[in-house]
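Below is one structure; the comments refer to it alone.
Computed from heavy atoms alone, side chains included, the values below leave out hydrogens, waters and symmetry copies.
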Amino acid sequence: MSDFDSNPFADPEFNNPFKDPSVTQVTRNPPPALEEYNPFTDGRKAPSGNVEKPPMPSTQPAIMKPTEEPPTYAPHTQETAAAQAELLRRQEELEQKAAELDRREREMKNLSYDPRKNNWPPLPERCPVGPCFYQDLSVDIPVEFQKTVKMLYYLWMFHAVTLLVNIFGCLAWFCVDSYRGVDFGLSILWFLLFTPCSFVCWYRPLYKAFRSDSSFSFFLFFFVFICQFAVHVLQSVGIPQWGNCGWISALTALNKSIPVGVLMMITAAAFTGSSVVSLIMFKKVHGMYRTTGASFEKAQQEFATGVMSNKTVQTAAANAASTAARGAFKGNQV
């Protein structure tokens, strides 16, 4: 129906659907906008009264406090003390070696201005014969070998004294037995022969071997010292008519005189002690020789170098070569 059929006197908004009271109520009180909606807020109203404010976060850095204290580290006291003692001992050894090297260096500097003079054997200045060798263990021999060289030097001195006592023993035996003159004469010969020869033939090579680490000197010492050991054994046995107051000679002299026999038995004990100590020192020096790096090949090289650099050998070789050349030249002319 058109608007012309309606009641002109009626309210024009009577039939308007937007004028319904339910619709107008909603439009008058619009719901809150979506922008104002917070899904995390509690829709319930907070109770009235004093509301406690939440604590403010601390601005200091967070530090975690352990609930249990860490176990204290308890080191092994004995092992630590032993290790410290070992370190101290090594430090002392190094300091001693450093001081020894400094002292030797200073002495070498002093000796560079004053050449070494022979000081062995120590003879008085008035003596017409002067010292023949230079010997200073603290300067020439390394610290780790000085004790061994000193012991062998004392062994040589002990053997020399034993040979001197052997002379008196054979003299006493000759006094009680007139047939022992040969022993007395040979005892003097052994003293005059073995005392210097043992010093020159095995002690000086040993001294040079440890001083300059010479393989040739080591081999020379071993060869001569083995012979010296055999001589000590024969002297301790004391075969009659050999000029030694050994055990056999001492027991034989007891039949003639007890005091003379006792004196000869003391000499025989000294010879036996020399033999035992010689064997021990030989093994000790051989063990040191194996740690020095010496060898038979080095000994051969040192011998060849020493022989070729010797002026006497060079002169002899030159003379032999010139003589051979002259002989060959004369032969060709004929």
Pairing residues for R211 by the salt bridge (charged side-chain N to carboxylate O under 4.0 Å, His left out) criterion, not counting sequence neighbours: none
Lys/Arg-Asp/Glu bridge criterion (N-O < 4.0 Å) met for E93, R89: yes
Flag, side chain of W190 to backbone of W242, donor-acceptor distance under 3.5 Å: yes
V224 and P205, any side-chain heavy atoms less than 4.5 Å apart: no
CG-CG distance between L101 and L94, expressed to the nearest 0.5 angstrom: 10.5 Å
Distance in Å, C170 SG paired with I188 CD1, rounded so as to fall on 0.5 Å steps: 9.0 Å
Q146 side chain vs I141 backbone, donor-acceptor pair below 3.5 Å: yes
Side chain proximity check, Q135 to D140, heavy atoms < 4.5 angstrom: no
Pairwise side-chain contact, Y134 with K117, heavy-atom cut-off 4.5 Å (strictly under): no
Over 12 non-hydrogen atoms of neighbours within 6.0 angstrom of CE in M151: no
Aromatic ring proximity, centroids under 6.0 angstrom, F133 and Y207: no
Heavy-atom side-chain contact between S249 and W247 under 4.5 Å: no
Donor-acceptor contact present, side-chain S275 to main-chain H232, <3.5 Å: yes
Test log, rule side chain to side chain contact (heavy atoms under 4.5 Å, CB included), inputs F218 and F210: CA-CA 8 Å; F218 270 116; F210 283 115; 4.0 Å; yes
Criterion side chain to side chain contact (heavy atoms under 4.5 Å, CB included) on Q241 and R180, from CA distance to verdict: CA-CA 7 Å; Q241 303 295 326; R180 302 302 175 185; 3.2 Å; yes
I266 side chain reached by V165 side chain, heavy atoms, under 4.5 Å: no
Step-by-step ring-ring contact (aromatic ring centres under 6.0 Å, His included) determination, W120 to F199: CA-CA 11 Å; W120 199 96; F199 183 86; 3.9 Å; yes
Approximate separation, where rounding is to 0.5 Å, of T162 OG1 and I167 CD1: 11.5 Å
Within the 6.0 Å centroid threshold, strictly below: W173 and F168: no
Student check: side-chain heavy atoms of Q96 and V143 closer than 4.5 Å: no
Side-chain donor/acceptor of S198 to backbone N/O of T195, under 3.5 Å: yes
From CG (L137) to OH (Y153), nearest 0.5 Å: 8.5 Å
Test log, rule side chain to side chain contact (heavy atoms under 4.5 Å, CB included), inputs Q235 and H159: CA-CA 11 Å; Q235 288 174 338; H159 184 241; 3.3 Å; yes
Whether S236 side chain and V233 backbone form a donor-acceptor pair below 3.5 Å: yes
Ring centroid separation W156 to Y203 under 6.0 Å: no
Nearest-0.5 Å distance that lies between atom CG in L155 and atom CZ in F225: 5.5 Å
N/O donor-acceptor pair under 3.5 Å between T267 side chain and L263 backbone: yes
C197 side, atom SG; Q228 side, atom CD - distance, nearest 0.5 Å: 9.5 Å
Candidate list T148, L152, L279, test side chain to side chain contact (heavy atoms under 4.5 Å, CB included), partner K284, passing option: T148
Partner residues of E95 under the salt bridge (charged side-chain N to carboxylate O under 4.0 Å, His left out) criterion, sequence neighbours left out: none
Aromatic contact, F221 with Y289 (centres under 6.0 Å): no
Side-chain touch R103/S138, heavy atoms, less than 4.5 angstrom: yes
Any F174 side-chain heavy atom under 4.5 Å of D177 side chain: no
Under 3.5 Å donor-acceptor, N166 side chain and N244 backbone: no
